[in-house]
Every structure is written in structure tokens, then in C-alpha cells.
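Computed from a prediction, not measured in an experiment: that's the story for all the values here. Counting convention: from 1, in listed order, for ligands and their atoms alike.
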Amino acid sequence: MGNFKGVALQLLLVFSLFHLSFAKINWFYNYHIHIRNDLPLLNSPPDQPNLYLHCRSKNRDIGEKPMLKGQDYTWDTKINFLHTTLFFCNARWVDRKRMSFDAFTVGRDEQRCLHYHNSCMWSVREDGIYFSQNNATWEYSYRW
Ligand SMILES: *[C@@H]1O[C@H](CO)[C@@H](O)[C@H](O)[C@H]1NC(C)=O
């Protein structure tokens with residue numbers, strides 16, 4: 001019986017911490033990640049893919065996709081309970097370049113991808129990969 005107050009206090013503490021972390025972490029948002037092929041065609045024919053993208057996390061594989069110019073590679077993700085969600089991608093510009101980049105990391109993207117339909121937008125270009133949080137202004141982020 002004497003223990004009751006202690007238990008009640010502990011429960012209160014646990015629920016407050018839980019509430020606090022819910023307030024801070026965007027567990028319920030569904031983030032949309034878009035990667036657009038904006039590479040120039042140069043010598044490649046327009047009806048052939050000039051870019052291959054393959055994105056995955058530790059436990060989810062979005063799959064390798066051949067990309068024509070202008071095509072969008074897209075998927076959705078929520079932030080996991082441990083707040084460690086990370087998607088990385090391999091990009092291969094056919095016969096020219098390849099690289100890896102992070103398409104979604106919680107620390108970097110949780111807030112900045114909330115400004116425009118919960119979307120992170122990437123554009124693959126001749127000099128590298130650009131990021132936009134509003135689909136209007138683009139920030140140079142990764143070099144080939
Ligand atoms: C971004 O803008 C382009 C046109 O400028 C449009 O085609 C595309 O659908 C937009 N992307 C998103 C995710 O809204």
C-alpha cells in the first residue's frame with residue numbers, strides 16, 4: 001500500500017517522458033522522397049535509361065530502377081521508433097560516373113523535409129546531386 005505513491009509517481013514520470021518525446025519526434029509523418037533524373041542526354045538516346053538508382057535502408061530495399069531523363073524515383077517512409085531511419089542510394093550515370101548518397105537521414109531531414117508536402121526532393125544533374133525542400137530552390141549537395 002505504501003508503495004502506491006511511488007508507483008504512481010514512476011508511471012507519471014514514464015508517461016511524461018513518453019509525451020515529451022512524442023512532441024519532439026515526428027513519428028507520425030509520412031515523408032515522401034523524390035529523386036529526379038535531370039541528367040543531360042549528351043550522347044545517350046532519349047529512349048534508353050542513362051541513370052540507374054538503387055535506394056535502401058538496413059531493412060528495406062526500394063529496388064534498382066533504370067531511369068529515363070525526367071523520371072522520378074520515389075518512395076515513402078516514416079521515422080522509426082528508435083529515431084534512426086536512414087536511406088542511402090547508389091546512383092550510376094551509365095558509362096560515366098557512380099556514387100552513393102544519403103537520401104534520408106533523421107538528423108538532417110526530419111525538419112527540413114516538412115516544408116513542402118512532407119517531401120525531400122533530389123535532382124541528379126551533370127555536376128552532382130541537388131536537394132530542395134520547396135521544389136523551387138536547389139542546393140548542391142553531392143559531387144560525382
Ligand atoms: C516539382 O515541380 C515540377 C515542375 O516544376 C513538377 O513536375 C513536380 O511534380 C514537382 N514535384 C513535387 C514532388 O511536387
Side-chain angles (χ1 to χ4, degrees), residues 5-144:
K5 232 168 125 182
V7 169
L9 272 174
Q10 277 180 30
L11 275 178
L12 192 68
L13 185 67
V14 166
F15 279 117
S16 316
L17 286 176
F18 205 60
H19 181 77
L20 270 178
S21 46
F22 262 103
K24 195 177 135 285
I25 299 173
N26 302 305
W27 271 317
F28 300 116
Y29 288 104
N30 200 24
Y31 289 86
H32 313 294
I33 299 154
H34 293 273
I35 308 171
R36 198 182 137 100
N37 176 7
D38 290 317
L39 286 171
L41 284 172
L42 303 178
N43 298 322
S44 41
D47 59 344
Q48 294 292 317
N50 58 347
L51 173 69
Y52 284 80
L53 284 175
H54 189 178
C55 300
R56 64 204 118 152
S57 68
K58 221 166 62 181
N59 44 28
R60 193 170 152 212
D61 192 338
I62 311 300
E64 186 182 61
K65 289 178 191 162
M67 308 279 297
L68 298 175
K69 184 175 165 61
Q71 277 187 332
D72 190 26
Y73 183 112
T74 183
W75 74 98
D76 286 2
T77 185
K78 292 195 163 73
I79 289 175
N80 65 17
F81 186 76
L82 294 176
H83 209 234
T84 56
T85 302
L86 164 65
F87 280 90
F88 59 96
C89 305
N90 295 317
R92 181 162 58 89
W93 183 8
V94 176
D95 296 335
R96 288 175 193 271
K97 313 257 190 188
R98 55 175 78 223
M99 74 152 115
S100 299
F101 67 99
D102 290 340
F104 187 87
T105 69
V106 174
R108 185 191 61 190
D109 299 320
E110 180 180 19
Q111 295 304 324
R112 74 173 183 171
C113 294
L114 287 179
H115 298 295
Y116 180 87
H117 308 300
N118 298 353
S119 298
C120 297
M121 279 151 293
W122 298 95
S123 168
V124 183
R125 301 181 186 177
E126 188 166 10
D127 57 344
I129 299 189
Y130 288 72
F131 171 81
S132 175
Q133 58 181 11
N134 57 14
N135 203 23
T137 53
W138 297 85
E139 174 187 311
Y140 186 49
S141 303
Y142 293 95
R143 181 192 305 271
W144 283 107

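For atom 11 (N) of ligand 1, the nearest protein heavy atom is under 4.0 Å away. By the definition of a contact as any protein heavy atom under 4.0 Å away, atom 4 (C) of ligand 1 is not in contact.
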The test is ring pair (Phe, Tyr, Trp, His ring centres under 6.0 Å); show your working for Tyr142 and Trp144 and say whether it passes.
CA-CA 7 Å; Tyr142 293 95; Trp144 283 107; over 10 Å; no
Is there a salt bridge (Lys or Arg N to Asp or Glu O under 4.0 Å) between Arg36 and Asp38 once you walk through the steps?
CA-CA 6 Å; Arg36 198 182 137 100; Asp38 290 317; 2.8 Å; yes
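A ring-centre distance under 6.0 Å is found for Trp122 and Phe101. Between Tyr52 and Trp93, the gap from one ring centroid to the other reaches at least 6.0 Å.
At a 3.5 angstrom cut-off on N or O pairs, Ser119 does not count as close to ligand 1.
Of all protein heavy atoms, the one lying nearest to atom 8 (C) of ligand 1 is Asn135 ND2, 3.8 Å. Among protein heavy atoms, atom 7 (O) of ligand 1 sits closest to Arg36 NH1, 4.6 Å. In terms of protein heavy atoms, atom 14 (O) of ligand 1 is closest to Tyr116 OH, 3.3 Å.
Here the side chain of Arg112 pairs no donor or acceptor atom with the backbone of Ser132 at under 3.5 angstrom.
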